[in-house]
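Values below: every heavy atom of this structure, side chains too, minus hydrogens, waters and symmetry copies. The first residue of the sequence shown is numbered 1, and numbering continues consecutively from there.
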Amino acid sequence: MISKQKMAALGAAVLLPSLLAGCGAAAENSGVSAATNQPLVIVQSPEGTYSENFNPFSSGALNGTLGPIYQTLFYFNLIGTNSVPLLATSYAWSNNATTLTVNLRHGVQWSNGQPFTSSDVVYTFNLLHQDPALDANGIWKSLVAVQANGKYQVVFRFSKPSIGSQWWILGQTYILPKKIWSQIKNPATYNNANPVGTGPYLLHSFSPQEYTFTANPHYWGGEPKVHTLEFPAYTSNDSADLALASGKIDWAGIFIPNAKQVYESRNPANNHFWFPPVNIVMLYTNLKNPLLAQLPVREAISYAINREKLYKVGEYGYEPPASPTGLVLPNNQAWLAPNLPQKDLAFQYDPQKSIQILQQAGFKKNSQGIFVSPAGQPLSFTLNVVAGWTDWDTDCSLIAQELGKVGIQIHVNQEQFGAYYSAFTNGTYQLGISWTDPGPTPYYLYSALLSSNSSANWEGWNNTQTNNALQAYQSAETINQQKQDIYPLEKIMATDLPSIPLVEGATWYEYNTKNFTGWPTPQNPYVEPAPYYYPSMGIILTHLRPKG
């Protein structure tokens with residue numbers, strides 16, 4: 001179950017430069033020494049035994065590689081409005097958003113004692129250029145040069161306005177030590193058993209059953225007060241849930257049905273959970289299919305889905321119905337267009353409307369009660385989902401039942417993740433339920449979902465107005481300008497249904513306050529709180545304090 005959330009986090013592709021007072025690691029930790037050896041036990045998700053891999057380029061990198069060991073230049077909060085300077089302290093766009101100048105933090109050392117400088121940043125980005133397979137976010141599609149201006153400034157030059165590259169460059173690229181990685185023949189496959197980073201923690205020990213980190217005494221923000229991190233391996237949700245409920249795990253990102261009863265009630269004083277929304281669960285429609293390419297068919301599907309039932313039954317009351325705009329709410333509330341009509345603000349469940357739309361489009365039911373197009377094509381589709389992702393499996397079963405009632409036949413296809421994901425990327429699916437790729441502004445979700453140049457545009461949407469709006473955003477250097485460019489995309493999502501939003505995608509986050517304080521909470525959402533979101537994991541660890 002948790003695998004899809006981990007993938008969403010890794011694939012999640014901003015631009016909100018205001019700083020939240022007190023959020024910077026340096027402000028909280030400067031001059032601090034470790035106060036206790038009480039280990040903090042972290043379980044990202046049950047993954048079985050571990051394979052040694054601390055390569056920040058690898059999708060198989062172990063939890064803690066990104067954030068605690070390797071760092072980005074900045075952190076941008078997906079559930080708040082703050083950013084945190086990490087290896088850089090400031091940045092500025094110029095020359096019509098074709099030049100990005102970044103000022104680096106002084107006095108940072110790699111964990112082997114070598115100084116961190118602009119040469120490391122330039123090397124990292126040039127490595128992405130030399131090996132395009134490492135450039136997962138397509139930074140070099142518009143980037144033409146990265147140059148050092150002294151030891152503590154880096155200048156990025158683009159071939160065209162590229163505001164949308166800001167998050168990928170500043171917040172999602174992990175900087176490597178040039179002296180070490182320039183000697184590695186194949187960075188993509190290197191397991192990096194002895195990682196050297198700038199982050200607050202060091203690898204201490206590794207085994208397939210457990211690995212540990214210790215606090216970096218020379219961390220630029222001050223030595224973390226939590227001295228030891230333990231990452232034990234669990235093979236199933238059941239065993240991890242039991243350990244979590246009994247207080248053996250301090251921090252987890254595990255899906256728990258009925259978390260209040262199963263987890264919180266076991267120790268109300270210390271067992272806590274918070275599942276804030278961070279993306280949108282989408283019903284993807286393959287627009288190469290001649291039936292799904294017709295708007296009335298997509299409208300009929302949408303009206304026939306009871307999202308409240310998905311929310312209450314399939315998602316255990318954790319994930320409310322999504323907005324027709326595709327915005328993650330309330331996170332993106334400030335980006336909601338002020339003039340949208342009510343019908344574009346909330347989905348209606350109206351099976352009769354679904355039937356009416358199809359009849360008006362010339363569809364008629366056959367003897368089996370399935371709508372058939374004027375050309376004789378039945379509205380019968382396969383809906384892909386990963387076997388074992390229990391909430392989405394239930395959602396798909398509910399969707400099939402609801403659509404069947406209005407005359408649209410759905411065959412739910414539960415399959416292994418590899419086949420499921422390949423069908424999306426190869427365009428061989430019909431319908432599929434999956435995540436979206438959010439960022440610090442709605443641009444990133446829309447760009448991934450709707451841009452005709454996006455590899456994550458699984459539905460195959462290609463629309464001039466959409467592409468123009470996304471391109472206009474690239475030149476928008478103020479929030480107000482950016483909002484004006486985002487508003488048309490909200491309308492397109494709500495009225496054209498390129499794919500169909502279902503429910504909000506929750507962050508699974510459980511934490512125990514018996515031994516440690518300083519956790520993100522709904523009252524203080526200073527980062528995305530799950531241990532599978534990076535680089536926020538490293539920021540949380542610098543906020544935590546042992547009790548006593």
How many angstroms lie between atom NE2 of His204 and atom NE2 of His227, to the nearest 0.5 angstrom?
8.5 Å

Above 12 or not: heavy atoms from other molecules or residues under 6.0 Å from CD of Gln416?
no

Main-chain N/O of Pro46 paired to Asn237 side chain as donor or acceptor, under 3.5 Å
no

When you compare the side chain of Leu73 with that of Leu104, does any pair of heavy atoms fall below 4.5 Å?
yes

Minimum heavy-atom distance between Pro522 and Pro525, given as atom pair plus value:
O-CD, 3.7 Å

At what distance, to the nearest 0.5 angstrom, does CG of Asn515 lie from CG of Leu40?
9.0 Å

Are Pro520 and Tyr511 close enough that some pair of their side-chain heavy atoms sits under 4.5 Å apart?
no

Around atom NE2 of His106, are there more than 12 heavy atoms from other residues, nucleotides or ligands closer than 6.0 Å?
yes

Considering only heavy atoms from C-beta outward, does the side chain of Pro132 approach that of Trp140 to under 4.5 Å?
no

Would you say the side chain of Ile433 lies within less than 4.5 Å of the side chain of Tyr284, judging by non-hydrogen atoms?
no

Main-chain N/O of Thr101 paired to Gln153 side chain as donor or acceptor, under 3.5 Å:
no

Quick check: Trp458 with Tyr421 (ring centres under 6.0 Å apart)?
yes

For the residue pair Phe74 and Phe76, categorise the inter-ring angle as parallel (less than 30°), tilted (30 to 60°) or perpendicular (more than 60°).
parallel

For residues Tyr190 and Trp181, establish whether the separation of their ring centroids is below 6.0 Å.
yes

May I have the step-by-step check of side-chain contact (heavy atoms from CB on, under 4.5 Å) for Ser142 and Ser165, ending in yes or no?
CA-CA 9 Å; Ser142 60; Ser165 296; 3.8 Å; yes

side-chain contact (heavy atoms from CB on, under 4.5 Å) for Thr173 and Leu128? Distances and angles first, verdict last.
CA-CA 10 Å; Thr173 302; Leu128 302 184; 4.1 Å; yes

Nearest heavy atoms of Leu66 and Tyr534, plus distance in Å
O-CD2, 3.4 Å

When you check the side-chain N and O atoms of Ser90 and Asn103, is any donor under 3.5 Å from an acceptor?
yes

Show the numbers, then the answer: is there a side-chain hydrogen bond (donor to acceptor under 3.5 Å, both in side chains) between Asn191 and Glu52?
CA-CA 7 Å; Asn191 71 355; Glu52 192 169 26; 4.7 Å; no

Describe, in one word, how the ring planes of Tyr211 and Phe231 are oriented to each other, choosing from parallel (under 30°), tilted (30 to 60°) and perpendicular (over 60°).
parallel

Looking only at the aromatic ring of each residue, does the gap between the centers of Phe57 and Tyr174 stay below 6.0 angstrom?
no

Ignoring hydrogens, what is the shortest heavy-atom contact between Asn453 and Lys141? Give both atom names and the distance.
O-NZ, 3.7 Å

For the backbone of Gly138 and the side chain of Asp135, can you confirm whether one donor and one acceptor N or O come within less than 3.5 Å of each other?
yes

Around atom CG of Asn270, are there more than 12 heavy atoms from other residues, nucleotides or ligands closer than 6.0 Å?
yes

If I compare all heavy atoms of Ser205 with all of Leu203, which pair ends up nearest, and what's the gap?
O-CD1, 3.6 Å

The test is side-chain contact (heavy atoms from CB on, under 4.5 Å); show your working for Glu504 and Val281 and say whether it passes.
CA-CA 6 Å; Glu504 295 176 350; Val281 178; over 6 Å; no

Test item: Met537 and Ile42 side chains (from C-beta on) under 4.5 Å apart, heavy atoms
yes

Where Pro330 and Pro277 come nearest, the two heavy atoms and their spacing
CD-CG, 4.2 Å

Using a 3.5 Å distance criterion without hydrogens, assess whether the side chain of Asn216 forms a donor-acceptor pair with backbone atoms of His218.
yes

Short side-chain to backbone donor-acceptor contact, Asn332 and Leu327, under 3.5 Å:
no

Please test Phe54 against Tyr70 for ring-ring contact (aromatic ring centres under 6.0 Å, His included), starting from the C-alpha separation and ending with a verdict.
CA-CA 9 Å; Phe54 298 95; Tyr70 292 98; 9.2 Å; no

Worked verdict on Tyr91 versus Gln166 for side-chain hydrogen bond (donor to acceptor under 3.5 Å, both in side chains):
CA-CA 10 Å; Tyr91 62 90; Gln166 177 172 293; 3.3 Å; yes

Ignoring hydrogens and angles, state whether a donor on the side chain of Thr198 or Gln71 is under 3.5 Å from an acceptor on the partner side chain.
yes

Assess whether side-chain hydrogen bond (donor to acceptor under 3.5 Å, both in side chains) is satisfied between Asn271 and Asn512, documenting all intermediate values.
CA-CA 5 Å; Asn271 288 358; Asn512 188 297; 3.0 Å; yes

Is it the case that Ser207 and Tyr50 place a side-chain donor and acceptor less than 3.5 Å from each other?
no

Taking atom NE2 of His129 and atom CG of Asn126, what is their separation to the nearest 0.5 Å?
8.0 Å

Which word best sums up how the rings of Tyr509 and Trp519 line up, parallel for under 30°, tilted for 30 to 60°, or perpendicular for over 60°?
tilted

Say you draw a straight line from CG of Asn384 to OG of Ser422; how long is it, rounded to the nearest 0.5 Å?
11.0 Å

The test is side-chain hydrogen bond (donor to acceptor under 3.5 Å, both in side chains); show your working for Ser236 and Ser239 and say whether it passes.
CA-CA 6 Å; Ser236 71; Ser239 60; 3.2 Å; yes

For the residue pair Tyr429 and Gly432, what are the closest heavy atoms and their distance?
CD1-N, 3.8 Å

Considering only heavy atoms from C-beta outward, does the side chain of Ile256 approach that of Phe273 to under 4.5 Å?
no

May I ask you to test the Met282-Leu449 pair for a side-chain heavy-atom distance under 4.5 Å?
yes

Has Tyr444 got a side-chain atom pairing as donor or acceptor with Gly164's backbone, closer than 3.5 angstrom?
yes

Atom pair CG (Asp241) and CZ (Phe255), whose distance is rounded to the nearest 0.5 Å:
9.5 Å

Sub-3.5 Å donor-acceptor pair from the side chain of Ser454 to the main-chain atoms of Ser451, do we have one?
no

Keeping Ser118 on the side-chain end and Gly150 on the backbone end, is there a donor-acceptor pair under 3.5 Å?
yes

is_close_aromatic(Tyr318, Trp508), centroid dist under 6.0 Å:
yes

Gap separating the CG atom of Leu176 from the CG atom of Asp120, nearest 0.5 angstrom:
8.5 Å

Side-chain touch Val328/Ile280, heavy atoms, less than 4.5 angstrom
yes

Just by modelled atom types, is the Thr513 backbone N or O under 3.5 Å from a matching donor or acceptor in the Lys547 side chain?
yes

What verdict does the side-chain contact (heavy atoms from CB on, under 4.5 Å) test give for Ile169 and Phe156, after you've listed the backbone C-alpha separation in whole Å, the side-chain angles of each residue and the deciding distance to 0.1 Å?
CA-CA 9 Å; Ile169 288 174; Phe156 298 83; 3.7 Å; yes

Using a 3.5 Å distance criterion without hydrogens, assess whether the side chain of Ser246 forms a donor-acceptor pair with backbone atoms of Leu242.
yes

